[in-house]
Amino acid sequence: MALRNCLHLVGFELETLKGSKPQGSSQLPAGQPLRVCASTVLSGTKYGLKQTRGKFGLGAKMALIWSKMSTGLPIEITSSMNSQNYTSFCRLDIDIHKNVPHIHIHEKGENKERWHGAEIQIVIEGNWTTYRSKILHYMRQMAVITPYAQFLFQFVSDSPEKNVTIRFTRRTDIMPSVPLETKYHPSAVDILLIKRLITETSKQTLLQFLQHEFVNIGKSHAERLIGEMGPDFSPKMSVKSLTPQQIVRIHQLFRQAKFDDPSGDILSPAGEYNLRLGIIKELHPDMVATFSGSAQVFEGHPFIVEAGVSVGGKDVKQLEQLQDQPNTRQDWCLCEHC
């Protein structure tokens, strides 16, 4: 199938759980769907640090941009919150150059079935014949690590017999914990970030700045740090008056000094329970082992290692069969659809 003649319809259906709210909120308020989905491509917080999986956890903004670049067709979003008796429908695309959304249609509809959640539909161009196994492999991996979500994948071909519809069902209603926002760890900041924090801080003195803009720096610790910075520094000096050379000195001391490790509260791991359920749900293994470690730190950045190993399963092929197939190391998706 030629690339230029290949149009793929991909539908994602994320039904939110009753009484729960996925992190980032996969529910689109009827009055402002664009602020949630496509107002700008880059997002973040300037006051602190925390892990985020994005608004939907599916790279919706990047999918929208790829759809815009490959087909020029808009994205369609249907959403409803648990407390609403109507759905919100929005057809939109994005102005890539201005990085702003362009609304085609935004309207309310009936919701007699009291459905709640978010459904996204995009049309993209690609080579389905070549990359079919990789796309399905990706979808299956998503289903493994998010057993609390439901995915509907549809490929619509010019030939109906080549259509593909795959539903990855939900298995659990336990969501990952919502990460907490925290201040930056002094070991993890660079000079540009220190300058930005100085510009945005409401604190007046250097002592206050060190205490309140970073984690694991108490008053006595901040006073010791200032004493080690040299004679040009004092606790009561204005933080706004720091010169570029002085900021470099602060950064050097942050790299040399010892600080307590940051907590793992800013992280939102999938969790060993969800990881095990996802593997069992999608792979149906004979044996499965999962692991979710405690929070560790590298240069001030906390991280958690999670892993799962399974043996056997309903779709597993024998080693002899794999050795006879080309590109086995790259295309190791063993599901029945590949």
Side-chain angles (χ1 to χ4, degrees), residues 7-45 52-124 139 142-143 146-156 165-170 172-176 178-179 268:
L7 286 182
H8 301 167
L9 174 63
V10 183
F12 295 108
E13 181 181 351
L14 302 181
E15 294 187 9
T16 55
L17 304 171
K18 185 175 182 181
S20 69
K21 187 175 183 181
Q23 67 181 76
S25 178
S26 64
Q27 302 161 332
L28 300 181
Q32 46 182 347
L34 303 181
R35 292 187 181 181
V36 180
C37 180
S39 57
T40 56
V41 173
L42 302 177
S43 62
T45 171
T52 174
R53 289 188 174 89
K55 304 305 181 183
F56 295 92
L58 293 170
K61 294 177 183 177
M62 294 300 103
L64 171 58
I65 291 177
W66 182 252
S67 173
K68 176 72 173 178
M69 293 176 62
S70 62
T71 68
L73 298 176
I75 187 173
E76 294 185 353
I77 305 172
T78 303
S79 65
S80 180
M81 299 182 70
N82 192 29
S83 59
Q84 294 175 340
N85 58 3
Y86 61 89
T87 61
S88 175
F89 174 79
C90 188
R91 181 180 295 129
L92 59 96
D93 60 15
I94 188 170
D95 187 323
I96 297 178
H97 299 289
K98 296 182 179 180
N99 196 21
V100 294
H102 177 215
I103 307 172
H104 298 273
I105 299 176
H106 184 205
E107 59 189 11
K108 295 181 180 180
E110 294 184 354
N111 189 14
K112 296 180 180 179
E113 298 179 355
R114 302 292 292 182
W115 170 83
H116 60 282
E119 181 179 293
I120 312 170
Q121 287 193 344
I122 59 172
V123 180
I124 61 176
M139 294 300 299
M142 287 293 299
T146 56
Y148 48 84
Q150 175 172 283
F151 303 107
L152 174 64
F153 177 86
Q154 292 179 316
F155 168 70
V156 180
T165 299
I166 303 176
R167 183 182 296 273
F168 300 89
T169 58
R170 178 186 299 119
T172 178
D173 59 357
I174 297 179
M175 302 287 293
V178 178
S268 178

Can you tell me how far the [atom1] atom of [X] sits from the [atom2] atom of [Y], to the nearest 0.5 Å?
{"X": "Y86", "Y": "S79", "atom1": "OH", "atom2": "OG", "answer": "9.0 Å"}
{"X": "D173", "Y": "Y148", "atom1": "CG", "atom2": "OH", "answer": "12.5 Å"}
{"X": "L92", "Y": "E76", "atom1": "CG", "atom2": "CD", "answer": "9.5 Å"}
{"X": "K112", "Y": "T87", "atom1": "NZ", "atom2": "OG1", "answer": "12.0 Å"}
{"X": "H104", "Y": "I75", "atom1": "NE2", "atom2": "CD1", "answer": "11.0 Å"}
{"X": "Q121", "Y": "I77", "atom1": "CD", "atom2": "CD1", "answer": "11.0 Å"}

Within a strict 4.5 Å, meaning less than it, do heavy atoms of the R167 and Q150 side chains meet?
yes

Given side chains that start at C-beta, do those of M81 and H116 come closer than 4.5 Å, heavy atoms only?
no

Between S67 and I122, is there a donor-acceptor pair closer than 3.5 Å when you use the side chain of the first and the backbone of the second?
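A pair under 3.5 Å: no.
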
So does R114 get a backbone contact from the side chain of S80, meaning a donor-acceptor N/O pair under 3.5 Å?
no

Measure across F151 and A149 and return the closest heavy-atom pair with its distance rounded to 0.1 Å.
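Here F151 and A149 meet closest at CZ-CB, 3.9 Å.
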
Quick check: closest heavy atoms across C90 and H106, and the distance to 0.1 Å?
CB-CD2, 4.2 Å

